[in-house]
Amino acid sequence: MGFFKKIFGALKKTKDAFAKKISALFTGDKIGEEFYEDLTDVLISSDVSYSTAEEIVEDLRDRMIEERTADQEYVIQSLKEVLIEKLEDAGVLEIEYPAVITLIGVNGVGKTTTIGKLATFFKNEGKSVILAAGDTFRAAACEQLKVWADRSNVRLVSHGEGSDPSAVVYDAISSMKAKKTDVLIVDTAGRLHVKSNLMEELKKIARVAEREYPEANFYKFIVLDATTGQNALSQVEAFDDAVSIDGIVLTKLDGTAKGGFVISLCTENQVPVVFVGTGEGVNDIEEFDPQSFIDGLL
């Protein structure tokens, strides 16, 4: 199943609400101020932030004035183009190898499951993979990660519960270098972004990894639960301020009818979505594609 089919399925709840409301806007004969006001309301009801919704509507209005057309099909296509541009505001991240990817985020967003899916993704891309069990605080975190490592047939580096996560990363980096592994994925304990001591731990992990393997390419991805909607924006801002986020991984997109927040996420935080979970299976994760995402919405 290709990305479009998977993302189309994951976005079904959002599309059912969003596309229906957009179609209802074309009941009048003209594209006037009432249309643009109603479009703003539709965007906001789909969890696009107010400021981003205003930008989208203003960009669309400018296009319509320039083209002097009110054709429904053309308006929809122009809206798609504006939305794609908003998603592309944050740029596109190309992963280079060897890559050290650290996953961070609050509790309950699905980091461990995401690590398992990413391990399978990179394996399917022909890359060698190693996992580091850097969540040494949560009970059974290492055991859960081992299950995913076994499923993906990749190596796992772990220490005992309560050990220093930086020591785990140190050993994982050593193994990565020795075996010339392409990708190291580091699990970390879930943490509230207001806890400064836990943020310092993330910084220490990054320092150790970069010191031990300066030739590698380092990425910090925040894992976000899509069902939290716009609350995710504040998480990205706080973590980015603390440790400089390189990309976003979205989980549980199929569980929300308000996937529009992704547009605000890219526009306002200027951090690109890199991967998106499209289901529960081990292969249900894909590289994010703005065109396919918007096609899945409209």
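Both backbone and side-chain heavy atoms feed into the values below; hydrogens, waters and symmetry mates do not. One-based numbering along the sequence shown.
In this structure, Asn217 contributes its side chain and Glu96 its backbone to a donor-acceptor pair below 3.5 Å. Checked by atom type and distance alone, the side chain of Ser46 pairs as donor or acceptor with a backbone atom of Val42 at under 3.5 Å. Proximity of a side-chain donor or acceptor of Lys86 to a complementary backbone N or O of Cys266 within less than 3.5 Å is not detected.
Side-chain contact, Thr120 with Ser152: a donor N or O sits under 3.5 Å from an acceptor N or O. With no hydrogens or angles considered, no side-chain donor-acceptor pair links Asp135 and Thr188 at under 3.5 Å. Between the side chains of Ser49 and Gln230, no donor-acceptor pair is found at a separation under 3.5 Å. His159 and Asp164 form no side-chain donor-acceptor contact under 3.5 Å, judged by distance and modelled atom types alone. With hydrogens and angles left out, the side-chain atoms of Asn231 and Thr228 include no donor and acceptor closer than 3.5 Å. Defined by atom type and a distance below 3.5 Å, a donor-acceptor pair is missing between the side-chain atoms of Thr267 and Ser264. Side chains of Thr181 and Arg155: a donor on one and an acceptor on the other come within 3.5 Å. Side-chain atoms of Ser45 and Lys21 form a donor-acceptor pair, as typed in the model, at a separation below 3.5 Å.
Aromatic pair Phe275/Phe288: centroids not less than 6.0 angstrom apart. Between Tyr213 and Phe218, the ring center distance fails the sub-6.0 Å criterion.
The salt bridge (Lys or Arg N to Asp or Glu O under 4.0 Å) search around Glu81 returns Arg63, not counting sequence neighbours.
A salt bridge is defined here as a Lys NZ or Arg NE, NH1 or NH2 lying under 4.0 Å from an Asp or Glu carboxylate O, and Lys80 with Asp295 meets this definition.
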